[in-house]
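Shown below is the structure under consideration.
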Amino acid sequence: MTASRLRIALAAGLALLATGSLADTVGEVGVDWMGNDIKIDAVGDPEVSGVTCHITYFDRGVLDRLQKGNWFEDPSNNAIACQQTGPITIGEIDLSKDGEEVFKAGLSLIWKKLVVTRIYDRKNDTLIYLAHSRELTEGSAKMSISTVPLFGENVTWTNGKPQ
């Protein structure tokens, strides 16, 4: 096996590992006879227990990949909905306006990723979850957000609530 093929195989394996490690596929809806599906994954926030995000994404089938000639890439379209699914305990989270990534999965062999970023809106006491695609060469304007309001909820902050 050439070094180039070995790198591609390794990258594909790592992408599959990254996708399956934090997400649990809970739904799959077929959308056409080409084998294309919309998949729904449940993703927990590693630093915020009691919150679950459901992310949808388009998974191209083999026939569609053969027809279009693009084997290694899925579209950037996605949606997200996050809800409280248990008692909320917030650990060590990034409080900056940039927030922090809580989930990342490959949408192509190497270049494109689906990313979920959490941002804490201190003024409105709300967690914001932004789903977007990150591409190496060209960013995508396709995005979706969901919020989990903390106001009036019994929330435990392991390091004390930020002021």
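Values reported hereafter were calculated over all heavy atoms of this structure, with side chains retained and with hydrogens, waters and symmetry mates removed. For reference, positions follow the sequence shown, starting with 1. Model, not experiment: these values are computed from the prediction.
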With a 4.5 Å cut-off on side-chain heavy-atom distances among I, L, V, M, F, W and Y, is there a chain of contacts connecting Ile40 to Val43? no
Between atom CD1 of Ile93 and atom CG of Asp45, what is the distance when rounded to the nearest 0.5 Å? 8.0 Å
CD-CG distance between Glu28 and Asp41, expressed to the nearest 0.5 angstrom: 10.0 Å
Are more than 12 heavy atoms from other residues, nucleotides or ligands located less than 6.0 Å from atom CD of Glu153? yes
Closer than 3.5 angstrom, by distance alone: can the side chain of Ser144 be matched with the main-chain N or O of Ala131 as a donor-acceptor pair? no
Note: Leu95 and Pro162 closest approach over all heavy atoms is CD1-CB, 3.7 Å
Tell me, which pairs form a salt bridge (Lys or Arg N to Asp or Glu O under 4.0 Å) where one or both residues lie in residues 77-88, sequence neighbours left out? none
Short side-chain to backbone donor-acceptor contact, Gln84 and Gly86, under 3.5 Å: yes
State the CD1-OG1 distance between Ile80 and Thr147, to the nearest 0.5 angstrom. 11.0 Å
Ser96: what forms a side chain to side chain donor-acceptor pair (under 3.5 Å) with it, not counting sequence neighbours? Asp94
Pro149 side chain reached by Asp125 side chain, heavy atoms, under 4.5 Å: no
Distance-minimising heavy-atom pair for Val51 and Cys82: CG1-CB, 4.4 Å
Checking side-chain contact (heavy atoms from CB on, under 4.5 Å) against Tyr120, which of Leu150, Ile90, Val48 comes through? Leu150
Rounded distance [0.5 Å steps], CG in Leu130 versus CE in Met143: 7.0 Å
Heavy atoms of Glu100 and Glu92 approach each other most closely as OE2-O, 4.1 Å
Under 6.0 Å from the CG atom of Asn159, do we count more than 12 heavy atoms belonging to anything else shown? yes
Donor-acceptor check, side chain of Ser146 to backbone of Tyr129, threshold 3.5 angstrom: yes or no? no
In Å, rounded to the nearest 0.5 Å, how long is the span from CG of Asn78 to CD1 of Ile38? 11.5 Å
Keeping Thr126 on the side-chain end and Val148 on the backbone end, is there a donor-acceptor pair under 3.5 Å? no
Out of curiosity, Asp98 CG to Ile119 CD1, how far, rounded to the nearest 0.5 Å? 7.5 Å
Check: Lys161 main-chain N/O paired with Gln163 side-chain donor or acceptor under 3.5 Å: yes
